[in-house]
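Chain A is the first sequence line, chain B the second, and so forth, proteins listed ahead of strands; every chain is numbered from 1.
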Amino acid sequence: MSMKTSSTQFKQRIRTNMQDSIMRESVASAQERMFGNRARAAEDIGHWDEWRQMGMDIREHVLENLDFYLTQLSDNVIENGGHVFFAQTAEEASAYIERVAQAKNAKKVVKSKSMVTEEIDLNAALERQGINVVETDLGEYILQIDDHDAPSHIVAPAIHKSREQVQQIFKDKIGYQGSENPAEMTRFVRDHIRQDFVNADIGITGCNFAVAESGSIALVTNEGNARLATALPKTHIAVMGMERLVPTFEELDVMVTLLCRSAVGLPLTGYVTVLTGPKEAEQTDGPEEFHLVILDNGRSDILASEFKSILRCIRCAACANTCPAYRHIGGQSYGSIYSGPIGAVLSPLLGGYQDFQDLPYACSLCTACNDVCPVKIPLAELLLKHRQIIAESKLTPIKERITATAFNFINSRPTLWGSAVNMGAKASKTLIKEGDMAIKIKAVEEWHETRDLPESDGESFRHWFKHRTPSDKP
Amino acid sequence: MIHVSLFVTCICDTIKPNVAKNTVALLEILGCQVHFPEAQTCCSQPSINSGYVEDSKRSLKSLIAAMEVNDHPVICPAASCAAMIKSYPAILNDEPEWRARAQRLSDRTYELTQFLVHHLDTSILSPKLSGTAVYHPSCSLFRKLGIKDEPLQLLSQVEGLSLLPIPNQETCCGFGGTFSVKMSEISGAMVVEKAAHIQSVSPDFLIGADSSCLMNIGGRLDREQSNIRVMHIADVLMSR
């Protein structure tokens with residue numbers, strides 16, 4: 001799965017996905033559950049806005065001093081006996097991991113959930129080498145065995161599926177015979193993939209946060225799969241976006257608090273694992289070899305751009321869990337592994353406008369996402385910046401550009417605008433009858449698909465105000 | 001006598017003049033003399049929110065100049081347009097003189113309910129409207145301008161009116177300006193759900209402070225042949 005998850009047109013995608021009533025229902029109910037849990041978790045800890053401010057300050061500080069902290073992190077990982085590889089591109093990152101796999105003569109890899117490995121299309125690269133890759137996060141596992149279905153949420157990738165659909169997938173693919181009870185299905189998968197952990201040559205994880213002062217990586221999961229994937233295989237490879245670090249454990253505490261509460265509405269997830277280098281001589285568990293792959297893949301460019309604040313993101317998906325557009329179209333409509341408001345900002349930056357130009361428009365600018373973001377990313381404003389770049393690079397449809405030019409021509413000329421308003425008021429009275437308009441205009445038809453048109457009085461306010469008599473006054 | 005300027009907004013100017021007329025009436029009852037700077041145009045929201053920011057700057061400047069015919073408070077019966085004006089200084093950041101002029105306009109621009117509650121004595125109003133209502137807090141009003149309690153405070157003064165809560169009350173109605181036509185599928189799904197939530201409590205009225213959202217939700221309610229009467233808060237406060 002690379003960043004791009006679909007080759008159909010955006011509009012086509014949303015129309016198809018919006019027909020999927022199971023997806024619509026699953027997403028809406030999950031969204032409400034997660035939104036409610038997040039709100040309660042924020043209220044319980046108190047002073048949430050100060051927590052968010054602290055989170056934002058920490059992330060900004062790291063971004064301002066990224067070169068320093070990356071060097072410190074790298075030095076410490078090496079001192080702990082690990083290996084560090086800085087990958088400028090997705091291809092470089094994949095190629096390095098393939099080389100490690102070849103050197104280890106690896107036949108099987110277990111993975112815990114990692115967005116960045118999807119971004120670099122790692123599974124496909126390893127599979128081309130004949131390596132068996134097993135996703136061990138339950139959501140990712142469901143998608144993997146469901147013929148590589150695309151993820152629809154950055155935290156809960158299979159959120160678009162109902163439990164009955166999951167039950168069917170398990171029946172068809174891995175011989176499951178039980179009920180649609182999530183606990184029962186989870187137990188079955190646990191048993192089913194246990195041997196994969198035991199047999200795996202390499203465990204690959206992402207990295208929620210790297211701690212620069214100690215060269216540690218922190219993994220936040222609910223299933224404990226990351227812990228097992230880094231305890232049994234002899235080699236552990238962690239892949240991280242170059243911005244995902246904190247200076248010390250003190251900041252890690254704040255960021256993990258923000259992440260868990262924002263993502264799943266819990267004070268902590270089931271497992272927060274902090275790993276520092278390969279196992280030492282006297283230790284019984286843990287990998288003999290540890291590799292940290294630090295990925296740029298366009299992040300340096302973002303850092304130097306007006307979109308810098310998006311690099312504060314800690315991938316909690318609170319924005320998606322509150323977004324009304326996401327609610328109705330579902331994550332797969334974004335056509336990117338990164339969905340929701342964060343995906344609409346990030347995908348065009350990492351993957352280009354050609355594939356992701358429509359995403360910044362899938363937003364009513366309600367700014368609900370801004371309010372829940374634990375690191376205060378101004379997501380709506382960043383979507384507007386995208387729209388500005390798209391419009392000013394003339395990537396928008398020609399008809400839209402002509403309309404915008406005409407609008408601004410009239411709107412910057414008060415006399416012309418005044419006449420247009422007076423005429424518009426009259427025309428709308430003549431043309432709009434019973435909520436529909438006599439002449440067909442595409443924009444009006446789009447509106448009319450679900451809504452009636454407003455009926456007007458025929459006289460503009462400005463005309464009335466100018467000609468009103470004393471009897472019109474109170 | 002308090003002098004104020006009305007920034008009417010294009011929706012109220014063309015399609016919902018009654019909202020603007022009631023806004024004028026309200027302000028006059030409360031002791032204001034209302035001026036209407038005639039050279040005012042649209043706040044340019046459709047163009048700016050579609051990304052045509054550079055092209056819009058001429059329009060922004062034209063509106064700033066239009067409102068400079070006096071330095072009275074500028075009252076706007078729509079939060080999204082008031083919020084747009086308040087974003088002018090940032091948009092004109094590269095032009096210090098215009099930025100300063102934009103800032104002066106922004107500082108004296110008020111959304112209607114905000115001005116009513118904080119700058120006028122509304123206790124002399126005695127609005128009456130019998131029935132139940134759903135109040136729709138528009139995104140621009142409570143999220144962008146932070147105006148949450150003012151409309152509720154004003155509505156609590158209305159004799160005979162009681163407000164009903166609905167599920168997901170603070171969720172966007174799906175209007176979003178050009179979003180409603182450019183992404184009509186998503187916008188449509190949002191307004192369908194909003195209308196369903198409103199219909200689920202069978203109110204007599206839907207009340208809001210942004211005509212654009214009301215036009216959107218009202219359009220959907222009309223399509224569903226609902227009897228719910230859609231009213232701007234200025235209409236409600238002028239009800240006798």
Relative to chain B, which segment of [X] carries a heavy atom at a distance below 4.5 Å: side chain, backbone, both, or neither?
X: A:F35; value: neither
X: A:H448; value: both
X: A:F407; value: side chain
X: A:K11; value: side chain
X: A:E445; value: neither
X: A:K466; value: side chain

[options]: which one forms the most heavy-atom pairs within less than 4.5 Å of chain B?
options: A:G424, A:C363, A:S333, A:A380; result: A:C363
options: A:A427, A:G435, A:A368, A:G418; result: A:A368
options: A:I389, A:D452, A:L416; result: A:D452
options: A:N422, A:I329, A:T367, A:I14; result: A:T367
options: A:S428, A:A362, A:P360, A:A28; result: A:A362

At what distance, to the nearest 0.5 angstrom, does [atom1] of [X] lie from [atom2] of [Y]?
X: B:S180; Y: A:W447; atom1: OG; atom2: CH2; answer: 5.0 Å
X: B:E193; Y: A:R24; atom1: CD; atom2: CZ; answer: 8.0 Å
X: A:R401; Y: B:D55; atom1: CZ; atom2: CG; answer: 10.5 Å
X: B:S62; Y: A:W417; atom1: OG; atom2: CH2; answer: 10.5 Å
X: A:L365; Y: B:N49; atom1: CG; atom2: CG; answer: 5.0 Å
X: A:R15; Y: B:I186; atom1: CZ; atom2: CD1; answer: 10.5 Å

Taking everything shown except [X] itself, do over 12 heavy atoms lie less than 6.0 Å from its [atom1]?
X: A:E306; atom1: CD; answer: yes
X: A:D49; atom1: CG; answer: yes
X: A:K440; atom1: NZ; answer: yes
X: B:K86; atom1: NZ; answer: yes
X: A:E25; atom1: CD; answer: no
X: A:E449; atom1: CD; answer: no
X: A:K429; atom1: NZ; answer: no

Shorter than 4.5 Å, heavy atoms on both sides: which option in [options] has the most such pairs with chain A?
options: B:C12, B:S56, B:P46; value: B:S56
options: B:V192, B:T171, B:N18, B:V230; value: B:N18
options: B:G177, B:G218, B:C42, B:S184; value: B:C42
options: B:D222, B:L221, B:V181, B:L6; value: B:V181
options: B:I15, B:L63, B:I217, B:N216; value: B:N216
options: B:K16, B:Q40, B:K57; value: B:Q40

Apply side chain to side chain donor-acceptor pair (under 3.5 Å) to residues B:S44 and A:N411 and explain how you reach the verdict. CA-CA 8 Å; B:S44 295; A:N411 195 31; 3.1 Å; yes

Is a donor on one side and an acceptor on the other found under 3.5 Å between the side chain of B:R143 and the backbone of A:D371? no

Does the pair B:T14 and A:S460 meet the rule for a side-chain contact (heavy atoms from CB on, under 4.5 Å), with working shown? CA-CA 5 Å; B:T14 51; A:S460 71; 5.5 Å; no

Using a strict threshold of under 4.0 Å (side-chain N to carboxylate O), is an ion pair present between [Y] and [X]?
X: A:E446; Y: B:K182; result: no
X: B:E38; Y: A:R462; result: no
X: A:R468; Y: B:E28; result: yes

So for B:A66, is it side chain, backbone, both, or neither that comes closer than 4.5 Å to the heavy atoms of chain A?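 Neither part.
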
Less than 4.5 Å to any heavy atom of chain A: does that hold for the side chain of B:V8, its backbone, both, or neither? side chain

[X] versus [Y]: any side-chain heavy-atom pair under 4.5 Å?
X: A:R327; Y: B:N168; result: yes
X: A:F10; Y: B:M183; result: yes
X: A:R413; Y: B:R58; result: yes
X: A:S364; Y: B:M190; result: yes

Determine whether the side chains of B:Y52 and A:T405 contain a donor N or O and an acceptor N or O closer than 3.5 Å.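 B:Y52 vs A:T405: no donor-acceptor pair found between side chains.
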
Any side-chain donor-acceptor pair under 3.5 Å between B:S187 and A:R451?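 Present: a donor and an acceptor within the cut-off.
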
Closest approach of B:S50 to A:A391 (non-hydrogen atoms, all atoms of both residues): O-CB, 3.9 Å

Between B:F36 and A:F461, what is the ring plane arrangement, given parallel below 30°, perpendicular above 60°, and tilted in between?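 Rings of B:F36 and A:F461: perpendicular, over 60°.
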
